[in-house]
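What follows is one structure encoded as structure tokens, with my remarks underneath.
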Amino acid sequence: MRDARSAPPFPIRRQARLAVFASGRGSNLGSLLEAFPSTGEEPLASIRLVVSDRDGAPALERGAEASLPAEHVPFGRQRASFEERAEELLRLHAIDLVCLAGFMRVLSPGFAERWHGRLLNVHPSLLPAFRGLRAPEQAIAAGVSVSGCTVHFVDAGVDTGRAIVQRRVRLEPGDDATALAGRILAEEHVAYPEAVRLVLRGEVSP
Ligand code: GRF
């Protein structure tokens with residue numbers, strides 16, 4: 001693996017190979033697959049690997065349907081063993097950029113450092129507001145009129161890395177967390193491919 005901080009990782013002079021880590025239904029994986037199909041017809045990038053910490057996650061099925069290697073890597077209480085296997089897979093599939101998409105685990109500062117500039121996440125709020133779990137609930141409880149989503153670089157903190165793309169969503173009277181989260185999710189599906197393009201073209205760096 002390259003020394004993470006030696007040179008800006010992007011742009012590269014060939015199609016980038018992407019991995020997506022997801023814990024659940026994988027709708028962001030779906031939007032990334034539409035933008036960067038596993039079949040490789042998008043010159044900028046192609047998804048080559050799906051990893052989930054949850055056995056039977058719908059995201060793994062989506063990956064398999066796209067004929068991708070889609071592997072369950074148990075997390076359990078052993079973050080180190082998850083990261084060891086995940087990094088083995090990333091090397092094996094020569095992955096250039098990792099997209100966390102509804103991946104509900106916190107990776108170690110060491111992992112974030114080794115993948116500096118090559119590890120992205122999507123979060124359902126306008127960071128730095130409402131970090132952590134249940135961001136739509138937090139937004140409603142805070143009584144804000146606008147929330148949204150952020151695609152950001154991952155650093156050693158939780159939801160603290162530099163923002164790449166943010167999209168706003170207006171709160172409606174009577175909104176509950178499910179309704180708000182649904183409208184935010186629709187914006188995530190636009191924001192994530194856009195952020196990946198910006199990163200791969202070298203237009204933003206952490
Ligand atoms: C998204 O709202 C994402 O922001 C959050 O988890 C959800 C994942 O949805 N971290 P999906 O699995 O991509 O459908």
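All of these numbers come straight from a predicted model, not from anything done at the bench. Order of listing sets the numbers, starting from 1, for every ligand and every atom in it.
Minimum interatomic distance between Ala19 and Leu90 (heavy atoms only, all atoms of both residues): CB-CD2, 3.7 Å. Here the closest heavy-atom approach between residue His189 and residue Asn28 is recorded as CD2-OD1, 3.4 Å.
Here the shortest heavy-atom distance to atom 10 (N) of ligand 1, taken over Val122, Val20, Ile184, belongs to Val122.
Given atom 12 (O) of ligand 1, the protein heavy atom at minimum distance is Gly26 N, 2.9 Å. Regarding atom 7 (C) of ligand 1, its nearest protein heavy-atom neighbour is Arg25 NH2, 3.9 Å. From the protein, the heavy atom lying nearest to atom 6 (O) of ligand 1 is Gly102 CA, 3.6 Å. For atom 2 (O) of ligand 1, the nearest non-hydrogen atom of the protein is Glu188 OE2, 2.9 Å.
Residue contact annotation: Ala22 has no non-hydrogen atom under 4.0 Å from ligand 1.
Atoms of ligand 1 lying under 4.0 Å from at least one heavy atom of Pro124, given by number and element, are 4 (O).
The salt bridge (Lys or Arg N to Asp or Glu O under 4.0 Å) test applied to Arg183 returns Asp175, not counting sequence neighbours. Under the side chain to side chain contact (heavy atoms under 4.5 Å, CB included) criterion, Val158 pairs with Val106, sequence neighbours left out.
Backbone and side-chain nitrogen or oxygen atoms of His123 are examined, and none is located within less than 3.5 angstrom of a nitrogen or oxygen of ligand 1. At a 3.5 angstrom cut-off on N or O pairs, Met104 does not count as close to ligand 1.
Panel note: side chain Glu194, backbone Val165; no donor-acceptor pair is recorded below 3.5 Å. Here the side chain of Arg167 pairs no donor or acceptor atom with the backbone of Ala191 at under 3.5 angstrom.
A ring-centre distance under 6.0 Å is found for Phe82 and Phe103.
By the criterion of a heavy-atom distance under 4.0 Å, the side chain of Leu185, and not its backbone, is placed next to ligand 1.
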